[in-house]
Amino acid sequence: MSRQLPKTYNPQEVEEKWYQFWLEKGFFQVEVEKEKKPYCIVIPPPNVTGKLHLGHALNNTLQDILIRYHRMKGENTLWLPGTDHAGIATQARVEEELAKEGLTRYDLGREKFLARVWKWKEEYGGTIIKQLKQLGASCDWSKERFTMDEGCSRAVKEVFLRLYEKGLIYRGSYLVNWCPKCATTLSDIEVEHEESEGRLWHIRYPLVGGDGYIQVATTRPETMLGDTAVAVHPEDGRYRGLVGKKAILPLMNREIPIVADPMVDREFGTGAVKITPAHDLNDFELARRHNLPQVTVIGFDARMTAEAGKYAGLDRYEARKRVLHDLAEGGFLAGEESHLYALGTCYRCDMVVEPLISKQWFVRMKPLAEPAIRVVKEGKIRFVPERFTKVYLNWMENIRDWCISRQLWWGHRIPVWYCRDCQKEIAAGEEPTACPACGSGHLEQDPDVLDTWFSSALWPFSTLGWPEQTPLLEHFYPTSVLVTARDIIFFWVARMIFMGLEFMQERPFAEVLIHGLILDKDGKKMSKSRPETIVDPQDVIDEYGADTLRFTLATGTALGQDQRFQLERVEGVRNFANKIWNAARFLLMNLEDYVETGEKPENLSLPDRYILSRLQAVTAETGEMIDRYDLGGAANLLYDFIWSEYCDWYIEMAKPMLKTGGEERRRTQQVLVKVFRQIMVLLHPYMPFITEEIWQALPHAGESVMLAPWPEPEAGYRDAGAESEMQLLMDVVRAIRNIRAETRVDPGRKVEAVLLAGSVQRRILEENRLYLEVLAGLGRLEIRPEGTAKPDRAVSAVESGVEIYLPLAGLVDLAVERERLQKELAELETEKNRLAKKLENPQFLAKAPAAVVEKEKKKLAEVESKYEKVSARLAALS
RNA sequence: GGGCGAAUAGCUCAGGGGGAGAGCACUUGCCUUACAAGCAAGGGGUCGCUGGUUCAAAUCCAGCUUCGCCCACCA
């Protein structure tokens, strides 16, 4: 940064330069230092296919703020980065590419297809990492990991085998969520439910051996083809005689039993339910209790199977139309009504999910969930904000087994082989050469891969070296805090907790920081279906700089709360960056003769003592706020301090001092630099680039602001007296400026002021008259004792006990002045009465804390004094 | 069906038992040698509604209204 700075800050010229500098110096890289306190965050690994969106930008900004802060505090700080292989997303991306060449993955075969995906990953997988770097993320890139790298893959195998041996992973035929489009199973949380208006059809099932029928209701009439029973509640008097009898399934002419089960809700519909074990979870479970057969009528392609008789081959929705038509024709349709119900759709492709019976791998959740519940209940893992604890517990306590097999090729292959001769199932880390049971060499590996979240669940320890007992793992596990959006609690946070407890016998992190989502300017989710709502953070970085984006996101909202992204706010922050830039320019323009003394500046002026005192308070508060994760609060505090206090008041008061030259100039330079340099340090976690640029340009010691020690408040500079004396000055200046503005005094014109005040205030005003003159634009300033003569033809005000008179020749309209004072007097009276009434209340005096009563008394005294003065002035004018 | 969040200035949002805040927008005046992406001075709010607790409620409690989100195996 040269001494000839442009008037506006240009982030493009600055940001890349400093990021390269940090990288080259290796400042992000960390070695284990046992004697130091470890601080570690593992990044929520973005998908390799990913491009930075605003959610990532927020998530990583928050992490980087915490990381930079703790690093500056001298902790052994590691931010461990990496990416996720993202099974379905990545595979789909490459399949799209193939489709353009007229090929499918089956044309290539598994091996060639996977080679192609790896190639794609090498070529395009680094986009998001590049973008994180642009954002300023201070990750230790030398430790970057990938969920399918060698180490992570080894961890996955190890975990699978251990859980398998413990009986916590099993294979079985159950009803699973099947996405016909992605052609794979999905776990329960990968199915999204959207409530929508549907229809409920009533169907009559004729009774066997008699007349009459039993009437059932369904939202999915096509599944009736696979019905194997009708169920009623055991205590439902209406059907008591029918339990044990049979009904005839219309269209299929199959006899099905009428069974009794408490699952049935007597209040709903007719109280009789058709049971389709192969296509409905409730029915599946009921059927198991009653040993009912399963008839699969819908296949993996979402078309009707051979079991569906004449409907075989039809798409499920086409079949619904035909079935309804045929039911109506046969006189079985008893009616229909509209009905609200939740349709399950695939979280990736929005296809309506089909529940199907299929042989899949599952993780037995109950034994794993139990300690994961305990660790949170005992407070060993703390959610911030606290309310997310309940969300987590509620899910964990009602958890079902986790379907982990996916019918994809891209992912961690299930480490299980089957013997073709004796069907033995062999779980092993390496491909076995022969079947341990029959010795056959005809072995075949399970074709499926694991749910991507299976490997992410191991992330906090697999990335640190597990299953090896590495020094990294030993030092940094458990990690300090996990930062993530609230929509990922179930997918990831919960699973890391139980895996961490199971394999490390220790929680994976002490705290979970949950942040909200980024919404568009209208408060709606940014959605791919409405591209006009999407803001690309890359565009924001390119136009406004990463610092601006970071600060905007960090100050956007309170924790855990969603925030709207508005360009007006970005511009406001850009202006803030520019403000800082110009403050730096001002300093540098006035430092040609600066000498860093390294000593505490002496003979401080009131503004010096004030700003140094405030700096201590702000320093302490910033740290406290970051410690309690009020990152937005700390940022706003710095914003206000820098803009309102340092720039608007201190710099303005420093100007006359700089002009005096000599000792006062040198002292002012010391304070200007000391405070501003510290501000750059405090702001660095939020705006790493501009603070580095400016810090480097200022007189400084050390290689980089990111290595500067986080400042401790210096008690010696705390000065409550200076703060209140300064307050008086500021109040008086503002009062004079107010009169000038209201009476339309030419801003360039120097005016005369007469101040009347008590001895204490008179001393303060007298000592600082230079500031009053400069800041209020006074040509002449008289400071007199209270009660002495005052100008008659003057506009007046009372502020902090000081009477202010501006004898503005030619501008004073006494009638206007009287009116103004009367209005003020009325307001004062209201306030006086309110306070007096409060202080007359014996209950208040008896029960309110003494400090509060004192405060109110003092307030009343002030209001009364002001009232008297305004009143007297008014009398003098009449 | 259950749970959670929000409701404060025209807009977007902080705050949170004892003086209603910020940014933007608005009004007025200023290109004052750091910054017009700026400076100075203003206007603007029964803090969603109804009760309760308290000496004191925008803040705590209960209920209600509106909006949003999440969870759920009533077909």
Side-chain angles (χ1 to χ4, degrees), chain A residues 5 7-9 175 188-189 193 200-201 216-220 223 231 263-276 280-286 339 341-342 355 385 387-388 390-391 394-395 398 400 486-487 489-490 516-517 519 521 523-525 555-558 560-566 568-569 571-590 632-633 636 639-640 644 647-648 651-652 655 733-734 737-742 744-748 775 777 831 834-835 838 841-849 851-853 855-856 859:
Chain A
L5 297 176
K7 280 176 121 178
T8 50
Y9 173 57
L175 199 69
D188 292 342
I189 47 174
H193 295 272
L200 185 68
W201 287 274
V216 299
T218 182
T219 53
R220 298 197 60 195
T223 64
M263 173 206 92
V264 179
D265 179 357
R266 277 174 283 182
E267 308 299 315
F268 190 91
T270 58
V273 195
K274 63 188 267 314
I275 300 300
T276 319
D280 180 278
L281 187 58
N282 277 323
D283 297 2
F284 178 80
E285 286 173 359
L286 185 142
H339 177 67
Y341 76 116
R387 64 186 142 93
F388 290 105
K390 205 169 153 185
V391 177
N394 184 48
W395 187 75
N398 296 295
R400 313 169 69 96
R486 57 147 206 268
D487 57 347
I489 294 175
F490 305 142
L517 275 25
L519 308 175
K521 63 179 167 53
K524 298 254 164 48
K525 271 190 189 173
T555 52
T557 181
Q561 217 58 45
D562 292 347
Q563 66 171 300
R564 299 184 192 198
F565 192 83
Q566 297 177 112
E568 293 80 6
R569 289 197 53 246
E571 282 172 4
V573 174
R574 185 267 318 264
N575 295 352
F576 174 55
N578 198 50
K579 185 77 184 175
I580 297 168
W581 181 252
N582 278 290
R585 283 180 65 220
F586 172 78
L587 258 65
L588 294 170
M589 287 164 120
N590 286 283
N636 283 323
Y639 181 99
D640 289 340
S644 310
C647 291
D648 288 349
I651 287 187
E652 289 309 314
K655 283 177 182 174
V733 166
R734 261 193 287 252
R737 284 171 172 173
N738 183 354
I739 294 173
R740 294 181 58 122
E742 301 244 307
R744 306 285 151 85
V745 176
D746 177 352
L775 297 182
E831 181 67 2
R834 190 184 67 83
L835 288 165
K838 198 170 186 179
N841 181 354
Q843 296 279 26
F844 173 69
L845 295 174
K847 297 199 177 175
V852 171
V853 176
K855 211 171 144 193
E856 296 295 301
K859 237 191 289 180

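The sequence lines fix the lettering, A, B, ..., with proteins before strands; numbering per chain opens at 1. Because the structure is predicted, anything quoted here is derived from the model rather than measured.
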Contact class for Val264(A) vs. all strands (heavy atom < 4.0 Å): base, sugar-phosphate, or nothing?
base
Does Asn575(A) place a side-chain N or O at less than 4.0 Å from the phosphate oxygens OP1/OP2 of G38(B)?
yes
Heavy-atom count check: over 12 atoms from other residues, nucleotides or ligands less than 6.0 Å from Lys859(A) NZ?
yes
As a test of reading the structure: which of A37(B), A14(B), C4(B) is closest to the side chain of Lys390(A), going by heavy atoms?
C4(B)
Quote, to the nearest angstrom, the P distance that separates A14(B) from G29(B).
35 Å
NA contact type, Asn590(A), heavy-atom cut-off 4.0 Å: base, sugar-phosphate, or nothing?
nothing
Measure the distance from CD on Gln843(A) to P on G18(B) and round it to the nearest whole Å.
19 Å
Interatomic distance at C1', G18(B) relative to A56(B), whole Å
6 Å
N/O donor-acceptor pair, side chain Arg737(A) with base A41(B), under 3.5 angstrom:
no
Quick check: do Leu835(A) and Glu831(A) have side-chain heavy atoms less than 4.5 Å from each other?
yes
Would you indicate which nucleotide in A75(B), A37(B), A14(B) comes nearest to any side-chain atom of Ala558(A)?
A14(B)
Over all strands shown, is Gln563(A) touching base, sugar-phosphate only, or nothing at heavy-atom distances under 4.0 angstrom?
nothing
Taking only side-chain nitrogens and oxygens of His193(A), does any of them come within less than 4.0 Å of OP1 or OP2 of C71(B)?
no
Rounded to the Å, how far apart are Gln566(A) CD and C11(B) C1'?
8 Å
Options C24(B), A72(B), G18(B), nucleotide nearest the side-chain atoms of Ala342(A):
A72(B)
Nearest-Å distance, CD (Glu571(A)) to C1' (G38(B))?
15 Å
Please give the stem ranges for RNA chain B, sorted by first residue number, where a stem is three or more consecutive Watson-Crick or G-U pairs and both donor-acceptor distances are under 3.5 Å.
B:1-7 with B:65-71, B:10-13 with B:21-24, B:26-30 with B:38-42, B:48-52 with B:60-64
Minimum heavy-atom distance Asp283(A)-Lys274(A), with the two atoms named
OD2-O, 3.4 Å
Check this for me: does any side-chain nitrogen of one of Glu285(A) and Arg400(A) sit under 4.0 Å from a carboxylate oxygen of the other?
yes
What is the distance, to the nearest angstrom, from the CG atom on Asp265(A) to the C1' atom on A72(B)?
14 Å
Base, sugar-phosphate alone, or nothing: which one does Asn841(A) contact when heavy atoms must sit under 4.0 Å apart?
sugar-phosphate
Whole angstrom value for the distance that separates P of G3(B) from CG of Asp487(A):
23 Å
Could you measure between the two C1' atoms, the one in U32(B) and the one in A41(B), and give it in whole Å?
15 Å
Residue Asp648(A), side-chain heavy atoms: nucleotide from A40(B), C70(B), G23(B) that is nearest:
A40(B)
Could you give the distance separating G51(B) and C47(B) at their P atoms, to the nearest angstrom?
14 Å
Between Trp581(A) and Thr8(A), does a side-chain contact (heavy atoms from CB on, under 4.5 Å) hold up when you go through it step by step?
CA-CA 7 Å; Trp581(A) 181 252; Thr8(A) 50; 5.7 Å; no
Determine, stepwise, if the pair Leu519(A) / Lys525(A) fulfils side-chain contact (heavy atoms from CB on, under 4.5 Å).
CA-CA 5 Å; Leu519(A) 308 175; Lys525(A) 271 190 189 173; 4.2 Å; yes
Measuring from the side chain of Ala741(A) (C-beta onward, heavy atoms only), which nucleotide among A41(B), A34(B), A37(B) has the closest atom?
A41(B)
Please classify the nucleic acid contact of Ala848(A) as base, sugar-phosphate, or nothing, using heavy-atom distances under 4.0 Å.
base
On a whole-Å scale, what distance lies between the C1' atoms belonging to G38(B) and U46(B)?
37 Å
If we ignore hydrogens and angles and just use 3.5 Å, is the side chain of Asn578(A) paired with the main-chain N or O of Arg574(A) as donor and acceptor?
no
Which of these nucleotides, C24(B), C70(B), A75(B), is closest to any side-chain atom of Phe490(A)?
C70(B)
Intermediate values then yes/no, side-chain contact (heavy atoms from CB on, under 4.5 Å), Leu200(A) and Phe268(A):
CA-CA 11 Å; Leu200(A) 185 68; Phe268(A) 190 91; 3.9 Å; yes
Given C35(B), A14(B), A41(B), the nucleotide with the shortest approach to the side chain of Asn738(A):
A41(B)
Base, sugar-phosphate, or nothing: which does Lys524(A) touch, judged by heavy atoms less than 4.0 Å apart?
nothing
Which nucleotide in the set G19(B), A75(B), G23(B) lies at the smallest distance from any side-chain heavy atom of His339(A)?
A75(B)
Between Asn636(A) (side chain only) and Gly632(A) (backbone N and O only), is there a donor and an acceptor less than 3.5 Å apart?
yes
How would you label the contact of Arg564(A) with the nucleic acid (heavy atoms, under 4.0 Å): base, sugar-phosphate, or nothing?
sugar-phosphate
Nearest-neighbour nucleotide for the Ala217(A) side chain, G23(B), A75(B), A14(B) considered:
A75(B)
When all nucleic acid strands are considered with a 4.0 Å heavy-atom cut-off, which category describes Phe388(A): base, sugar-phosphate, or nothing?
nothing
Return the value, rounded to whole Å, for the distance between atom NZ of Lys847(A) and atom C1' of G17(B).
15 Å
Between U33(B) atom C1' and Phe586(A) atom CZ, what is the distance in whole Å?
10 Å
Let me know the distance between CG of Asp746(A) and P of U28(B), rounded to the nearest Å.
18 Å
Does the side chain of Lys859(A) get closer than 4.0 angstrom to OP1 or OP2 of G18(B) through an N or O atom?
no
Touch check for Arg740(A), heavy atoms < 4.0 angstrom, all strands: base, sugar-phosphate only, or nothing?
nothing
Pick base, sugar-phosphate or nothing for Thr219(A), based on heavy-atom distances below 4.0 Å to the nucleic acid.
sugar-phosphate
Base, sugar-phosphate alone, or nothing: which one does Pro849(A) contact when heavy atoms must sit under 4.0 Å apart?
base
Side-chain contact test, heavy atoms from C-beta onward, threshold under 4.5 Å: evaluate it for Leu281(A) versus Pro355(A) and give yes or no.
no
Pick base, sugar-phosphate or nothing for Arg486(A), based on heavy-atom distances below 4.0 Å to the nucleic acid.
sugar-phosphate
How is Leu587(A) classified with respect to the nucleic acid when contacts are heavy atoms under 4.0 Å: base, sugar-phosphate, or nothing?
nothing
Looking at Gly777(A), is its backbone amide N or carbonyl O close enough to the side chain of Arg740(A) to form a donor-acceptor pair, meaning the two atoms are under 3.5 Å apart?
yes
Check: C35(B) base within 3.5 Å donor-acceptor of Lys7(A) side chain
no
Whole-angstrom distance between G21(B) and A58(B), as gauged at atom P:
15 Å
Have a look at Arg266(A) and say if it touches a base, only the backbone sugar-phosphate, or nothing, with a 4.0 Å heavy-atom cut-off.
nothing
Go through U28(B), A41(B), C55(B) for me and flag the one nearest to the Arg744(A) side chain.
U28(B)
Taking atom P in both C13(B) and C4(B), what distance in whole Å separates the two?
22 Å
Using the P atoms only, state how far A22(B) lies from A9(B), rounded to an integer number of Å.
13 Å
Does Asp562(A) offer a backbone N or O that forms a donor-acceptor pair with the side chain of Arg486(A) under 3.5 Å?
no
